[in-house]
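Numbers restart at 1 for each chain; the letters A, B, ... are given by sequence-line order, proteins then strands.
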Amino acid sequence: MSGAPETALDIAASVRSGERSARSVVDDHLATIAARDGEIHACNAVLDDQARAAADAIDAAVARGEDPGPLAGVPVALKDNLCTRGIPTTCSSRILEGWLPPYTATVVQRVTDAGGIPIAKTNLDEFAMGSSTENSAFGVTRNPRDLTRVSGGSSGGSAAAVAAGYAPLALGSDTGGSIRQPAALCGVVGVKPTYGLVSRYGLIAFASSLDQIGPFANTVDDAALMLETIWGHDPMDSTSITGAPAPLAGGADVAGLRIGIVEELTDVEGIAPEVRAAVGRAASALEAAGATVDRVSVPSCTYGLSAYYLIAPAEASSNLARYDGVRYGLRVDGEDVADMNARTRAAGFGPEVKRRIMLGTYALSAGYYDAYYGKAQKVRTLIIRDFAAAYERFDVLLSPTAPTEAFPIGEKTADPLAMYLSDVCTIPTNLAGHAAMTVPFGVGGEGLPVGVQVLAPALGEPVMFRAARALEAAAPR
Amino acid sequence: MSEAEYEAVMGLEVHVELATATKLFCGCVNEFGSEPNTNICPVCLGLPGSLPVLNEKVVEFALRIGEAFHFDVPERSIFHRKNYFYPDMPKDFQTSQYDSPICADGYLEVDGVRIGIERAHMEEDTGKTTHVGGGGRIHDADHSNVDYNRAGVPLMEIVSRPEMHTAEQAKGYVSELRGILEAIGVSDVKMEEGSMRVDANVSIRPVGSDTLGTRAEIKNMNSLRSLGRAIEYEISRQVELVESGGRVVQETRHWDESAGITHGMRSKEGSEDYRYFPEPDLVPVAPTDAMRATARAAIGELPAARRERMVAQWGISETDARTLVESPGLAEFADATVAAGAPGKDVTNWLSGEVLAYLNETGLSLAVLPLTPGKLAELCTLVSDGTLSRNLAKDVLGECLREPKDPKAVVAERGLAQVNDEGELGALVDAVLAGNAETIEEYRNGDDKLRKKKRGFLMGEVMKASKGSGNPQVLNRLLDERLN
Amino acid sequence: MADPISRADVEHVAKLSRLALTEDEVEHLTRELAGILGHAADIEALDLDDVPATAHPLPLVNVLREDEVRPSLDRAEVLAQAPLAEDDRFRVPRILGEAP
């Protein structure tokens, strides 16, 4: 097999028309997984039997003259923090090892209702906390382009799954960059939708006011297909948008589009020169296609990292309190229930999770709320205001996605702060609740993928996708 | 100093389970007494990935409470997380309200005294724990088992200001609160079943002081009576403690009904730090004018207004009005009977007398009795038009409380119709007098005292002769006419 | 600037979070948390008295559902995931102390 991988759009078209069987699609992809995942380790679980059964059902529906939907027969990899009934959902943590949810996440239900076929539960940093998938309790996911390097995180498994050809589509979650950063490191498209655009019901929570589910794909159009399948109001999620989302439409026409390169995310120390250069080349390409490009300052982005590392752990410390050994998951016995709770959590959580729970609890504790959590929530307001000012003059913004190419496994694990810096370009979007996506744009100095980030205001997905298509068309091969 | 030289200061925290069909944040049925862990779902069990969605009925009930107790309802109200670990808490945090409750600064009146209510807010209830081993009490238990049916049931927490000073006043507050909550239809407020729970904060201070003393929180009072007993005990305990040189400790104390004392519970290491922060999975509640109007319309007549109306319109006493309004369903029954044509005063007498006594004796509720407002009105008419004497009416009512009969039918069946005919009654009186000539002599020749006695005897004979069916007023008049 | 986090703070926070930490963990967490919080100093320095907090990126209010019964979970499926069950309930070791 050579050339570009099959797109989800092509697969769905051929399955719906009867030209190709869903079963053959699934068998091919399962074979790829079997051949490569021993090395890459993107999957916590491979859903062979379920996928084959689902494929057979779709083929039967097609044979009856029914239309299985826009994702007919398309294999989809699911980050293992999305609840799937009767299928282990672990968050790559010992504390949920083997847990079988009694219900399925809304987005997963929408995928299968559209004919999509869940093919694997993918690896992640434990409870979505990390930027390299090295915090997984079940081992790291290696970058398909270079097995000595990380896939990024926290959705490293989903990014690698798409990059390695396990599935044309994957779902991940993004709290501070956990879809975009691994997508950039693995050379695929990754989207963090506007906060509230996609239901979080069934997504195991990390930081409730920041988490969003989004697609991984090899092409922008495939990402659009998945986003349109999963988005929209969900009565089970009070924070999901109420109106109908504006259609993404098509086209890559950027003539007259005003594009701003965010200084605070592009010119900072820590951004590798090749990455900065890629953003420059991307900007030029868009100019050549008729857009106007300028630099713009969004000053409060500078405080993004600090605010994030107070807000996210604070919410996480509360969201993860329920893992106490009482109702599900790991239990380590103790003399009394409090002792049991403490021993269970000590044994079940890894070091990064413990670090963030401690940090978050502290930031919320008596006497510290105003100085830490309270203040960080005010910084969010500043970031929103600064972005609003920028979007008065520009339609979309541009920046690097990740500061560097994929780094070697083990390089940053000794210093949590160094790891946190991986998210410096992606975090502000989560704090603002806006949309952003990464488009692969060539390679860097080490021959590894580099992604360029397109940012848009809340519900600005249509214009964001338009700019992304233009970038995709202009990307170096 | 003696107890009289101290002033007790009390505030009450009341938790009320709201009578909605479903829980606060999910569609599980809100029902007491189901099989354990059958009314649970990902949301109320706090399963990973679950999210809360607020029940609109809870908001409406909260707004009814806002109206009924003269609360301010701020434009915007949010939920907070109250974080602490306990096995009956599925999420190990309780979704509650902190500094922006849906109701603030209200009051109610007890015997003409206004008691301030600081706030009323929405929150979710916890699961229920059964302790195994050690006699079912938590302290000596070997292990515990948790049922989450109750987890997520909607509660309103109503917190009074510390403005009560006696056990009586506290009981009055709870009684009035209970009556209003029931009248506005938000809860069945049964202390014995736990749908209303009262905790009392009690402190003392020397009379004349205006600083508050250290308070103790008293829990586990399951009836109005134990509330009163517990408060009285606690006040004495605190006075004795202070008098003997000790200091009141801020702690939670448990009321022991059988021993009649409060005792301190095992102290926790350090006070709790709940780390309140706004609930990110819920959006603010902003009560609209339409929402408040709906709540206002749903309330109807409040107890105090109802009592006033009955006193004014029917000429009954405050006490009687209170009796009618406090007993479930009785006031509505009274209104319906008056609407059917009976005088309010008579209706009140029958309901607060015979009927209430019957209900108390049998433990039945008004709703299951065969007596209807129509039938009671009929009874009143039979008495007022002279067909039935008051005494016999009592009997007839008794039968109508037990059997599905009309009063008219009972009167006919048992031949209880009162005789009013002057001719018939006159003949009867004459007959009695004819057989009691001596007594008549004694009457005519006696002093006032003897006359009274002899007349009474004669009247008794007349009543006997008429077998109780003679109209007493007419008989009295006829007798007097013949004697004088 | 707020005091860096102390060892005593770490032990107290561990208790609040129900995490049984080893000696080693307490030590390096004290260092790591102090480092992370030190970085938050840039926020501490800002004067944000007049800035309102953003609890929600979305301007939604009054998201409500109807008071209608929906099916509950199958008890057997749920209890099958319980670490320990007894009498159709979730069994836990003895509880010291009443609920707050």
Side-chain angles (χ1 to χ4, degrees), chain A residues 81-83 89 91 96 99 101-106 127 196 199-205 207-211 234-240 311 314-315 317-329 336-338 340-342 345 360-369 373-374 377, chain B residues 25-27 37 40-55 79-95 98-99 127 129 131 138-139 141-146 148 151 268-285:
Chain A
N81 61 358
L82 289 166
C83 287
T89 303
C91 295
L96 277 182
W99 178 57
Y103 77 109
T104 295
T106 297
F127 281 105
S199 165
R200 290 183 297 118
Y201 186 73
L203 169 68
I204 297 179
S208 315
S209 73
L210 303 170
D211 292 344
D234 182 10
M236 300 301 285
D237 178 353
S238 297
T239 62
S240 76
I311 294 172
E315 293 182 7
S317 71
S318 178
N319 284 327
L320 269 64
R322 69 194 69 201
Y323 306 104
D324 58 11
V326 174
R327 294 161 292 283
Y328 43 81
D336 56 80
V337 73
M340 181 276 279
N341 295 149
R345 292 158 66 76
T361 305
Y362 186 72
L364 290 173
S365 63
Y368 295 106
Y369 181 97
Y373 185 78
Q377 293 285 52
Chain B
F25 295 126
C26 67
N37 290 308
I40 56 174
C41 76
V43 178
C44 57
L45 199 56
L47 291 185
S50 63
L51 294 171
V53 184
L54 183 57
N55 182 342
F79 284 91
H80 271 74
R81 290 190 185 179
K82 181 179 183 181
N83 298 281
Y84 66 98
F85 285 83
Y86 208 76
D88 64 4
M89 305 249 292
K91 299 173 290 192
D92 288 308
F93 62 83
Q94 180 194 36
T95 302
Y98 180 52
D99 57 8
T129 325
H131 309 300
I138 193 174
H139 297 301
D142 170 73
H143 61 274
S144 299
N145 296 328
V146 193
Y148 294 101
K268 291 159 278 191
E269 343 93 43
S271 53
E272 284 287 345
D273 176 2
Y274 296 120
R275 289 157 277 133
Y276 286 100
F277 69 99
E279 170 61 78
D281 290 330
L282 290 169
V283 300
V285 176

From [X] [atom1] over to [Y] [atom2], what is the distance, rounded to the nearest 0.5 angstrom?
X       : Y       : atom1 : atom2 : value
I204(A) : S50(B)  : CD1   : OG    : 10.0 Å
D273(B) : Y368(A) : CG    : OH    : 11.0 Å
L320(A) : D92(B)  : CG    : CG    : 11.0 Å
L47(B)  : T89(A)  : CG    : OG1   : 11.0 Å

Quiz item: Above 12 or not: heavy atoms from other molecules or residues under 6.0 Å from OH of Y84(B)?
Solution: yes
Self-check item: chain B interface, residue from S365(A), A205(A), C83(A) that has the most non-hydrogen pairs under 4.5 Å
Solution: S365(A)
Relative to chain A, which segment of [X] carries a heavy atom at a distance below 4.5 Å: side chain, backbone, both, or neither?
X       : result
Y86(B)  : neither
N83(B)  : side chain
F277(B) : both

Using non-hydrogen atoms and a 4.5 Å limit, figure out which bit of [X] sits close to chain B: side chain, backbone, both or neither.
X       : result
P101(A) : neither
A105(A) : neither
N319(A) : both
Y201(A) : both
T361(A) : both

Quiz prompt | Test item: Y103(A) side-chain N/O and C41(B) main-chain N/O as donor-acceptor pair under 3.5 Å | solution = no
Quiz item: Taking S238(A) for the side chain and P52(B) for the main chain, is one N or O donor matched with an acceptor at less than 3.5 Å?
Solution: yes
Shortest non-hydrogen contact between [X] and [Y], atoms and distance:
X       : Y       : answer
R327(A) : P90(B)  : NH2-O, 2.8 Å
A321(A) : K91(B)  : CB-O, 3.8 Å
Y328(A) : G46(B)  : OH-O, 3.4 Å
S318(A) : R81(B)  : OG-NH1, 2.9 Å
L51(B)  : R200(A) : CD1-C, 3.7 Å

Quiz item: What residue, out of F25(B), F93(B), Y276(B), has the most heavy-atom pairs lying under 4.5 Å from chain A?
Solution: F93(B)
